[in-house]
Amino acid sequence: MARILAIDYGKKRTGLAVTDMLQIVPGALDTIDTSALMKYLDDYVSREAVERIIIGEPRQPNGQPSENMQRVKTFQGQWRSRHPEIPIEGYDERFTSVMAHRTMLDAGLHKKARQDKALVDRISATIILQDYLASRR
């Protein structure tokens with residue numbers, strides 16, 4: 001088996017999470033500048049077997065696309081052109097940032113740590129991946 005990688009795509013920063021090789025356990029991978037995302041992923045998939053990529057689709061609470069949706073769709077198109085062998089699919093990411101903050105609170109992280117946007121992005125990507133895995137079961 002190969003890993004599944006999740007992306008919490010942002011205008012400035014992007015959070016990444018990945019499963020283990022058995023696709024059971026999701027874990028935070030990294031937070032990177034969005035401008036460097038494609039190169040980072042090119043390097044990552046050259047070293048690691050990745051079966052598919054799940055990218056969060058930003059939606060408003062009413063289900064309508066948010067302003068970041070077009071950026072996500074553009075990235076998906078670029079990925080499909082560069083790596084047609086690794087499918088990329090969208091997954092509803094509504095409320096993942098709220099859940100990430102709740103997770104940080106539940107974990108007892110101090111206010112300073114909870115303000116770390118890179119950490120929030122990694123946790124959000126992990127939540128997207130966790131939800132995706134649960135939906136497949």
Side-chain angles (χ1 to χ4, degrees):
M1 277 188 150
R3 299 177 190 277
I4 298 174
L5 189 138
I7 300 173
D8 180 34
Y9 192 93
K11 186 176 180 180
K12 295 179 182 178
R13 285 175 322 280
T14 295
L16 302 170
V18 69
T19 64
D20 61 319
M21 293 298 283
L22 297 175
Q23 299 179 3
I24 297 170
V25 180
L29 177 63
D30 207 345
T31 302
I32 60 166
D33 288 335
T34 299
S35 62
L37 178 60
M38 191 64 78
K39 179 171 179 1
Y40 182 97
L41 292 177
D42 286 342
D43 293 343
Y44 188 82
V45 300
S46 73
R47 293 187 321 271
E48 297 286 340
V50 174
E51 178 180 304
R52 76 179 45 252
I53 293 179
I54 307 304
I55 188 165
E57 290 185 335
R59 297 188 179 276
Q60 298 173 24
N62 67 3
Q64 294 297 313
S66 76
E67 68 176 72
N68 201 36
M69 182 68 90
Q70 188 53 51
R71 289 183 199 93
V72 168
K73 294 295 183 189
T74 299
F75 179 81
Q76 284 178 293
Q78 292 169 344
W79 180 263
R80 286 184 181 113
S81 294
R82 287 171 77 116
H83 294 280
E85 75 284 5
I86 303 173
I88 185 168
E89 67 182 87
Y91 192 80
D92 189 347
E93 72 167 23
R94 275 181 283 182
F95 310 115
T96 54
S97 292
V98 173
M99 289 187 280
H101 281 100
R102 168 59 47 212
T103 300
M104 294 168 85
L105 282 170
D106 291 348
L109 293 179
H110 297 287
K111 185 176 182 179
K112 182 99 169 147
R114 292 192 314 263
Q115 292 172 337
D116 180 354
K117 293 180 187 214
L119 178 58
V120 173
D121 292 336
R122 285 191 303 276
I123 293 172
S124 293
T126 305
I127 290 169
I128 291 168
L129 187 52
Q130 187 174 10
D131 286 353
Y132 172 80
L133 293 172
S135 75
R136 291 187 356 167
R137 293 187 181 111

Check: [Y] main-chain N/O paired with [X] side-chain donor or acceptor under 3.5 Å:
X    : Y   : result
N62  : Q64 : yes
T126 : A17 : no
R3   : T19 : yes

Please report the shortest heavy-atom distance between [X] and [Y], naming the atom on each side.
X    : Y   : result
E85  : P87 : O-CD, 3.6 Å
N68  : R71 : OD1-NH1, 2.8 Å
A125 : A6  : O-CB, 3.6 Å
G15  : T31 : CA-OG1, 4.2 Å
I7   : L41 : CD1-CD1, 3.8 Å
T34  : G10 : OG1-O, 2.6 Å

Check whether [X] and [Y] end up in the same hydrophobic cluster, where Ile, Leu, Val, Met, Phe, Trp and Tyr are linked by side-chain heavy atoms less than 4.5 Å apart.
X   : Y   : answer
Y40 : V18 : yes
V72 : I86 : yes
L5  : V45 : yes
L22 : V25 : yes
V50 : I55 : yes

First locate atom [atom1] of [X], then atom [atom2] of [Y], and finally report the distance between them rounded to the nearest 0.5 Å.
X   : Y    : atom1 : atom2 : value
R52 : Q23  : CZ    : CD    : 8.5 Å
I54 : D8   : CD1   : CG    : 13.5 Å
H83 : I53  : NE2   : CD1   : 7.5 Å
L16 : D121 : CG    : CG    : 9.5 Å
M38 : R82  : CE    : CZ    : 5.0 Å
D33 : K39  : CG    : NZ    : 13.5 Å

Give me the ring orientation class for Y9 and F75: parallel if the planes are under 30° apart, tilted from 30 to 60°, perpendicular past 60°.
->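 Correct class here is tilted.
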[Y] side chain reached by [X] side chain, heavy atoms, under 4.5 Å:
X    : Y   : result
R59  : S66 : no
Y132 : P26 : no
L29  : Y44 : yes
L37  : Q78 : no
E57  : K73 : yes

